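Below is one structure; the comments refer to it alone.
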Protein chains: 2
Amino acid sequence: MAVTLKDIANACGVSYSTVSKALKNSPLVTAETTERIQQKAKEMNYIPNNSARSLVSNKSQTIGLIWPSVDRVAVSTLVSEINNFLKNTGYFMSVSIDDVETAAHKFLELRFDGIIVFDEGEASTLPSIISSNIPVVAYGTDRELEYPIVNVNHKQAMILSLDDLMQNNITNICYIGDLNTDDIRQIIKKETFERYCKEHNLEYNMIDSKGLSAEDTFFALKSYLTNHTLPEGIICGSYDITLGLVHTLKDSLDQHIVYSYDNVPQFDHMDTVIHSVGVPTKKIAETLVNILINAIESKENHPDVYHLEPELVKRK
Amino acid sequence: MAVTLKDIANACGVSYSTVSKALKNSPLVTAETTERIQQKAKEMNYIPNNSARSLVSNKSQTIGLIWPSVDRVAVSTLVSEINNFLKNTGYFMSVSIDDVETAAHKFLELRFDGIIVFDEGEASTLPSIISSNIPVVAYGTDRELEYPIVNVNHKQAMILSLDDLMQNNITNICYIGDLNTDDIRQIIKKETFERYCKEHNLEYNMIDSKGLSAEDTFFALKSYLTNHTLPEGIICGSYDITLGLVHTLKDSLDQHIVYSYDNVPQFDHMDTVIHSVGVPTKKIAETLVNILINAIESKENHPDVYHLEPELVKRK
DNA sequence: TTGTATGCGTTATCAA
DNA sequence: TTGATAACGCATACAA
């Protein structure tokens, strides 16, 4: 069926081990035979068999990304960036949207070289049988794991935006976020906001977006605004929540100063001025990839926690 | 490193070929030895090596999905559905967000069993070297390809909604869609709308959403509405465009009758009544999977075009 | 510089 | 019922 090294060897009148070397540009083969063999290989549409390669070399040059929640827009940017960084490092990225355990198990069967997990909480912990067999890195929330985890200092992000608001003498502010949840990340945002406002005697209130999507926020705000108004300073708990706010306020948005979590590139192309606070998507992607590649190549996997410090990006 | 059949064989005092059979529940092995071996395998955390399996059996039990545009929300539902159908058929789905050619080539190297391509136009055609080596099915637009393609009868969808509008005696209507594009799907919608309106003497106009995203639509409509109003009947060219309309009109939406392309489940959970026209996501997913699995198992791949007929779903 | 031989983990065929 | 063995496609150590 498919063309093998043997076929090329026959066509060139050499042995298949010579072909193997030639295709890898080994210095052990003459330049001219290498040339001739590569020519023929292309001509015959040779496609290397990764299964065979992987069997002997124990390397597949591909890493698996576990992404059970495909529908979150903010995350898709991160996925793209990770793909770019991996490609530059010579790895192929294979995404699974299965649940964490199913996907990880299959990745092990496929003998992938490493795994990146989007950690959404307790349900997404990898059993140690898996993490002890393959380098793993997670992106998500603060927890003690047997493999490294990268996350964002959400507390510091909140403080950054509040400090900036105070420097602009804006003392009447609100936070829009998902208030009734057991997602530890959302809880940290809410609690930091409240504590910091109290400490600095700021006039504040909190509005429940009743979910994490732009949709949820849109409808929550629409109902809230029937008998309330929004203060001058607004802090939104995520990119999607900010989208919901933008859709709701439309033209009157310029009467507010808005800060949003998630430093995604989308903010640069928006009509309205939104300041953002968070770790740039590229930075997160780069960190994840570096940790994983390091673990793969050094054969070590330290269960460290990497806290990425957020930056405040002011616009216009 | 990893546990192999040999390790289990040693631990059980049998040969590794017996282990191989036992793990596959072969009738050639006694029930009791099978039991003992399977017990031991689990105890030792045996994970089969897919590379080795694939090498001898020429089957990897995984199919690749090529999805270069990760950020389209409407599509992510389809991706989930495809994953579900594949899982039921015993296949694992691996997604690549690389460009079509890179991804397909890697899938071939990995000896996956089949490929699903989201065909976004000319740039996403697979070279015949690839499609002749592995079963392929595409979802997308009308084109002559060397592999089967599944698509939606967009013309019929438009006619369905226009007919329904006329039956409700609504003769003042507009179409909101991406008007300046060479995407053949958008052109079909636009042209069908215009021709059918003329034929039936309907009062109509067309509004350019200037893109396919909810964002684009939102801003296009905002500017349009400064010196125009919308007629009673509205047809939107896609789910995302409808979202843009919803965000723009907010409360005044109930003064209109809205039809939207894309029969996605999201419409069922919306606050506002939107009728939708299109092929249900499940139906599309099922069709794609069936065609592909058939091609894989019959070793045949007919370059047919599958036109899926849309349905009109009226709500509330 | 090129060719030969071995082994990677598995399945499947055959012999015991 | 179980075990030995060849083969899958490739990389590599070693022999020529």
Side-chain angles (χ1 to χ4, degrees), chain A residues 1-38 40-41 44-62 105-113 133-134, chain B residues 1-38 40-41 44-62 105-113 133-134:
Chain A
M1 191 68 215
V3 178
T4 71
L5 291 186
K6 230 177 195 165
D7 299 325
I8 303 174
N10 287 338
C12 292
V14 295
S15 83
Y16 68 87
S17 81
T18 305
V19 176
S20 173
K21 290 170 206 154
L23 291 182
K24 298 193 118 50
N25 286 310
S26 163
L28 298 176
V29 183
T30 335
E32 51 177 344
T33 46
T34 296
E35 173 66 22
R36 188 163 52 97
I37 289 174
Q38 292 190 348
K40 202 69 176 177
M44 299 174 72
N45 290 312
Y46 170 70
I47 294 171
N49 186 326
N50 233 294
S51 299
R53 271 194 184 161
S54 158
L55 194 56
V56 34
S57 69
N58 260 314
K59 292 274 301 166
S60 60
Q61 288 295 75
T62 115
H105 203 272
K106 187 70 187 189
F107 285 161
L108 264 187
E109 291 188 6
L110 288 167
R111 293 302 188 267
F112 283 177
D113 297 331
N133 266 298
I134 182 174
Chain B
M1 191 70 213
V3 178
T4 71
L5 292 185
K6 231 175 195 167
D7 299 326
I8 303 174
N10 286 338
C12 291
V14 294
S15 82
Y16 67 87
S17 78
T18 304
V19 176
S20 173
K21 289 169 206 152
L23 292 182
K24 298 194 119 49
N25 285 311
S26 162
L28 299 176
V29 184
T30 334
E32 51 178 344
T33 47
T34 296
E35 172 66 24
R36 188 163 52 96
I37 290 173
Q38 292 190 346
K40 201 70 176 177
M44 299 174 73
N45 289 313
Y46 169 71
I47 294 171
N49 186 327
N50 235 293
S51 299
R53 270 196 184 160
S54 158
L55 193 57
V56 35
S57 68
N58 260 314
K59 291 275 301 167
S60 60
Q61 290 294 49
T62 115
H105 202 271
K106 188 69 187 190
F107 286 163
L108 265 187
E109 290 187 8
L110 289 167
R111 294 300 189 269
F112 283 178
D113 297 332
N133 266 298
I134 182 173

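Here the structure is a predicted model, which means the values were calculated and not measured. Below, read A as the first sequence line, B as the second, and so on, with proteins coming before strands; counting in each chain starts at 1. For the numbers below, each heavy atom of this structure counts, side chains included, while hydrogens, waters and symmetry mates do not.
- Straight-line distance from the CG atom of B:Leu5 to the C1' atom of D:dT2: 15 Å, rounded to whole Å.
- Put simply, CD1 on B:Ile37 is 14 Å from P on C:dT10, counting in whole angstrom units.
- DNA chain D lies under 4.0 Å from at least one heavy atom of each of the following residues of residues 44-55 of chain A: A:Tyr46, A:Pro48, A:Asn49, A:Ala52, A:Arg53.
- Residues B:Asn50 and B:Gln61 have side chains that never bring a donor and an acceptor to within less than 3.5 angstrom of each other.
- Judged as a side chain to side chain donor-acceptor pair (under 3.5 Å), and not counting sequence neighbours, B:Asn49 has no contacts.
- The separation between A:Asp7 atom CG and D:dG9 atom P is 8 Å, rounded to whole Å.
- Put simply, CG on B:Leu28 is 15 Å from C1' on C:dA16, counting in whole angstrom units.
- Straight-line distance from the CD atom of A:Gln61 to the C1' atom of D:dC10: 15 Å, rounded to whole Å.
- In plain terms, the two heavy atoms of A:Lys106 and B:Ser60 that are nearest each other are NZ-O, 3.8 Å.
- Looking at residues two or more places apart in sequence or on another chain, you find a side chain to side chain donor-acceptor pair (under 3.5 Å) between B:Ser17 and B:Ser15.
- Here the C1' atom of nucleotide D:dC10 and the CZ atom of A:Arg111 are 17 Å apart, to the nearest Å.
- The separation between A:Lys59 atom NZ and D:dC10 atom P is 19 Å, rounded to whole Å.
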Mind listing the N/O atom pairs, protein and nucleotides 4-7 of chain C, below 3.5 Å?
| unit_1 | atom_1 | unit_2 | atom_2 | d |
| --- | --- | --- | --- | --- |
| C:dT4 | O4 | A:Ser17 | OG | 2.9 |

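- In this view, A:Ser20 and A:Leu5 satisfy the side chain to side chain contact (heavy atoms under 4.5 Å, CB included) rule, not counting sequence neighbours.
- Scanning for side chain to side chain donor-acceptor pair (under 3.5 Å) contacts around A:Glu35 gives an empty result, with sequence neighbours left out.
- In this structure, B:Asn58 places its CG atom 17 Å from P of C:dT10, rounding to the nearest Å.
- Checking B:Ser51 against A:Ser51 by side-chain atom types alone, no donor-acceptor pair falls below 3.5 Å.
- In terms of phosphate contacts, B:Thr33 brings a side-chain nitrogen or oxygen within less than 4.0 Å of OP1 or OP2 of D:dT2.
- With sequence neighbours left out, A:Asp7 forms a side chain to side chain contact (heavy atoms under 4.5 Å, CB included) with A:Val3, A:Thr4, A:Met44.
- Taking only side-chain nitrogens and oxygens, A:Ser20 never comes nearer than 4.0 Å to OP1 or OP2 of D:dC10.
- In secondary-structure terms, DNA chain D builds stems of at least 3 consecutive Watson-Crick or G-U pairs, each pair having both distances under 3.5 Å, at C:1-16 with D:1-16.
- In terms of the side chain to side chain donor-acceptor pair (under 3.5 Å) criterion, A:Thr62 has no residue partners (sequence neighbours excluded).
- Judged as a salt bridge (charged side-chain N to carboxylate O under 4.0 Å, His left out), and not counting sequence neighbours, A:Lys21 has no contacts.
- Contact check for A:Tyr46 versus A:Ile8: side-chain heavy atoms found under the 4.5 Å cut-off.
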